[in-house]
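Written out below as structure tokens is the structure these notes cover.
The residues of the chain are indexed from 1 along the displayed sequence.
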Amino acid sequence: MSGRAALLLLLMGCAVAVSAQTPSTNSATPPTHPANYVRVDVTATVDGKVIDDLQQDDIELLEDGTRQQITEFSPVDAANGRHPRAFVVFLDTFHTDIERSSTLRTPIVRFLDRLIGPDDLVAVMTPEMAASDIVFGRKSTVISNMMQGDWSWGRRGRLTSTDPKEDLYRSCYAGSKDDTANEMIARRHERQALDTLADLMAVLQRSRDERTAVITVSEGWVLYSPNRTLAALKESVKARNPFGQRRRPDSRPASGHEMAECEADRSSLALLDDSMQMRDITEAANRGMVSFYPMSPHGLEDRAASDERESIASHHESLKALAQDTDGVAVLDVDEVEPALTRISSDLSSYYLLGYQSTNARLDGKFRTITVKIKRPGVQVRTRKGYRGLRPEELMARGDRETPGTAMANAAGAVVVNARAPLRIRSVTWRDTSDEPTAMWLVGELDFATRRELAWSTGATAEVSVVSATGDQVASLEIPVSNGDGAFTAELPASAGLEPGDYAVRVRVLPQSGQTLPLSDLIRVTVPETPASIGEAMMLRRGLSTGARYVVTADPRFQHSDRLRLELPTRLDGKATARLLDRAGTVLPVPVTVGDRRDAAAGFRWVVVDATLAPLAAGDYAIEVTLGTAKQVTPFRVVP
């Protein structure tokens, strides 16, 4: 097993072990807020000493020079246990020299042992891990032992490659004189590192309501910009190395398909704009109250050659900017590690958490400057420079990335599903031909593997909020989640329907035991202008995991042994018909039964469709329901 593989297994194994032994926390859950609600973390000091007795009346907060009304004021003191501190140690394997990765062993281990208390949260990750896979734990000794056991995690400068993509690039462009393969590899590594940090910001923003420190161990990034030369077609390379003459490291001739893969990657990597992505990361960090504390094991060492110094300094600029823009500090000399760790401890141990509903409710995507003033004399204040407001499409796009399934137009599209998501959300809307507003039903479901974890075994509570594209909150409620099915439903809003337009629906599920961080997801729901006589379908399953019962589900994937049931709301009279379609829209000779059930209290009925999935091969399908001239198509997937 390679050192990199061993490290990843060790990271994941220790994290799971820590999570299972974690005591419950007493951190309070803040209320759900509208889209223009802003939270700010503030540190106040006099002569370098933190002030811990400020009152709300002592603080004046302005956004773009306009005074804001502070509606949330919370002094955060990590010592009281109600606000556990959180640390993520990001080991940038792609941008750390293997020979120098050991220089931070003692300072990092000492930092973790000294700083991580019994109620603090810590996670370790690399660019080769998914941000959604990180697990926070509270056992600093486990993390410290892990660091001491295997510190050879740096990959920069390795003589051998264990990445098939790197081998493929080198074989595709073996005859290139302009170092095409090496630039592609470097660009790909930087993209992987920044993509992971971007995903980490999204995860932390959904799961954390206090400050989080990201200790980033890296030698820095080039921040690649588009390269027109790399983007141009390498005809000379193709001429020197025809497909049949290329060889992989295993001496197998490279195929035309592999060359096509290389060319597609080259075109994509040539268009990178990493400065823009870095800006997005820092802005997301500020929205999520995340501060970066980059540490370079390389440092500005005296023994570095003059030409190496220039390269080191340019890479360090990205680390400096990341720290400065997120109210952190960059450690670029190993001699300054200890003072910086003291600063990190101070930053997360005592500060003030302020919240306000911005008087600027426009979702225009513009930067808003935040100014905090203390009315007491001699007090120094440190806070973030501000934040960039979201645009409506940007807010909705965040939900699109996490939506487990999207409808197939005329059964021709494919079901999009995140198989690793611990929480899934699905919405059902119906706007009748009458003048009544649109009704929406929300279905949430914890993944089966998640429900088996100890932290979720006693049930949970789902906090649901609905925000319109204008930033107005139109609904907010809490729903109990049983520890059996792990599914919940709600009609939103409970007292009135929705007007046509786009809405963002956010669900945050908190375990009753408090032994792990909450789960969260965000989806976009579009209420169409045109009414529909028959609404979208609720999905239910019956199978080995449910027994004889049908259970509502937000997961569009079904096994061969399952039965699928759809329930669609309507006020139309008459008998509905249904047929099963393959992905191409072809009708399949698989029987589908149709019935109905009345909802007397609501004044409409549900068309009920049942299908047995045993005859179907793995793949994407849809059920088309027709009632009069109205049709509704619902996609689903059969998995092995």
Keeping [X] on the side-chain end and [Y] on the backbone end, is there a donor-acceptor pair under 3.5 Å?
X	Y	answer
R508	T461	no
Q632	V625	no
E183	L230	no
H560	L616	yes
R170	A181	no
W456	P511	no

Charged N to carboxylate O under 4.0 angstrom, R424 versus E445?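 No, no charged N to carboxylate O under 4.0 Å.
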
Taking the basic N atoms (NZ, or NE/NH1/NH2) and the acidic carboxylate oxygens, is any pair closer than 4.0 Å for E263 and R266?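 Judged by the 4.0 Å cut-off on N to carboxylate O distance, E263 and R266 do form a salt bridge.
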
For Y550 and R563, does a side-chain donor sit closer than 3.5 Å to a side-chain acceptor?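 Result is yes, a qualifying pair exists.
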
Heavy-atom pair of closest approach, residues [X] and [Y]:
X	Y	answer
S533	T570	O-OG1, 2.8 Å
Y621	D582	CD2-CA, 3.9 Å
T450	P422	OG1-CB, 3.3 Å
S468	Y503	CA-CD2, 3.7 Å
P635	P556	O-CB, 4.4 Å
M538	V428	SD-CG2, 3.7 Å

Rounded to the nearest 0.5 Å, how far apart are [atom1] of [X] and [atom2] of [Y]?
X	Y	atom1	atom2	value
L194	D280	CG	CG	10.5 Å
D521	L423	CG	CG	5.5 Å
M201	R287	CE	CZ	11.5 Å
T553	L540	OG1	CG	8.5 Å
R188	D195	CZ	CG	11.0 Å
W221	M278	CH2	CE	4.5 Å

Cation-pi check, R541 to F558: give yes when NZ or CZ is under 6.0 Å from the six-membered ring centre and within 45° of the ring axis, no otherwise.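 Here R541 passes the 6.0 Å and 45° test against F558.
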
How are the rings of F94 and H189 set relative to one another: parallel (under 30°), tilted (30 to 60°) or perpendicular (over 60°)?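 Taking H189 first and then F94, their aromatic rings lie parallel (interplane angle under 30°).
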
Side-chain heavy-atom pair [X], [Y] within 4.5 angstrom cut-off:
X	Y	answer
L581	V587	yes
V607	V594	yes
V466	M440	yes
R191	L272	yes
R187	N227	yes
V525	L498	no
W430	R571	yes

I'd like to know whether CZ of R228 has more than 12 heavy-atom contacts from other residues, nucleotides or ligands below 6.0 angstrom.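 Count not over threshold, so no.
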
Take L580 and F636, measure what side-chain contact (heavy atoms from CB on, under 4.5 Å) needs, and give me the verdict at the end. CA-CA 11 Å; L580 195 146; F636 66 95; 4.2 Å; yes

